[in-house]
Amino acid sequence: MTNIHAHYLKAMGIQVWVRRHLPPTLTEEPSPMTDTAQVSQTPQVAPVHELDWEALQNRVAACTACSLHKTRTKTVFGVGNRQADLMFIGEAPGADEDAQGEPFVGRAGLMLNAMLYAIDLKRESVYITNVVKCRPPENRNPDKHELDCCHAFLLQQIVLVKPKLIVAVGRVAAHHLLVTETAIGKLRGQGFEYGENKIPLIATYHPAYLLRRPSEKRHAWQDLQFINQRLAELKR
Ligand code: SF4
């Protein structure tokens with residue numbers, strides 16, 4: 001505001017009103033000092049692809065990007081070895097995961113642990129996460145918007161882990177990662193590649209599905225042997 005304008009407003013008896021109701025930038029002469037202070041006070045939010053593990057986990061914990069944040073108890077980030085050769089990616093947290101903040105716990109988690117044990121792997125030696133980090137109500141499948149909102153977090157987890165092999169666990173994860181709608185029964189038993197870095201990917205049944213359909217366990221066993229064999233090849 002110029003002095004001429006200030007005098008004019010004072011004469012009109014409205015200078016005080018102007019100072020109280022307009023932001024400082026509109027009531028004061030701009031100065032280099034004021035501009036610098038305002039720029040340095042603007043919060044800088046780093047893009048997800050620049051975050052380290054701690055910052056990424058904090059960003060997920062505070063995330064409200066999709067409506068799933070409204071009904072979650074805890075975000076379910078991921079667990080296990082952050083330098084693992086093998087990364088398991090499931091679909092979404094269920095009730096037990098939502099309560100504990102950890103993926104693949106409860107009956108499905110015990111089944112996954114048993115599957116890993118069958119190929120001489122411990123849960124702690126692999127990295128485990130889901131394509132979405134918050135529980136969908138009533139355990140429904142996450143929709144496309146929710147999957148898209150959460151995708152950057154998963155992508156950064158993959159970048160940080162740098163796995164030699166990704167296992168897509170269940171139909172939702174396989175469809176999202178492979179951008180397909182082919183039945184999981186047809187996707188399993190094949191080798192795929194994921195992303196720009198062409199990380200080898202194998203799809204298999206979700207442990208929760210195996211609990212409902214025990215007859216499919218023989219196929220899951222074949223998948224585990226395939227995973228084991230492929231991992232051995234990739235480590236050579
Ligand atoms: Fe954010 Fe993912 Fe949770 Fe949606 S599901 S609120 S995108 S962390």
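Every number for a ligand or one of its atoms is a count from 1 in the order of the listing. Heads up: numbering here begins at 1 and tracks the sequence.
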Q.
Determine whether Asn197 and Ile158 satisfy the following criterion, side-chain contact (heavy atoms from CB on, under 4.5 Å), listing intermediate values before the conclusion.
A. CA-CA 11 Å; Asn197 292 332; Ile158 294 171; over 6 Å; no
Q. Do side-chain atoms of Arg59 reach the backbone of Ala46 as a donor and acceptor pair under 3.5 angstrom?
A.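 Yes; at least one donor-acceptor contact below 3.5 Å.
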Q: Would you confirm whether Thr204, through its side chain, and Arg188, through its main-chain N or O, come within 3.5 Å as a donor-acceptor pair?
A: no
Q: Taking only heavy atoms of Arg72 into account, list the atoms of ligand 1 that are under 4.0 Å away from them.
A: 3 (Fe), 6 (S)
(Q) Could you check whether Glu233 pairs with Arg230 (Lys NZ or Arg NE/NH1/NH2 to Asp/Glu carboxylate O, under 4.0 Å)? (A)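 Salt bridge between Glu233 and Arg230, a charged N being under 4.0 Å from a carboxylate O: yes.
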**Q.** Sphere of radius 2.8 Å around atom 4 (Fe) of ligand 1 - protein N, O or S atoms inside
**A.** Cys66 SG
Q: Among Lys133, Arg140, Arg135, find the residue that satisfies the salt bridge (Lys or Arg N to Asp or Glu O under 4.0 Å) test when tested with Glu146.
A: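 Answer after filtering Lys133, Arg140, Arg135: Arg140.
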Q. Hey, do the aromatic rings of His219 and Phe226 have their centres closer than 6.0 Å?
A. no
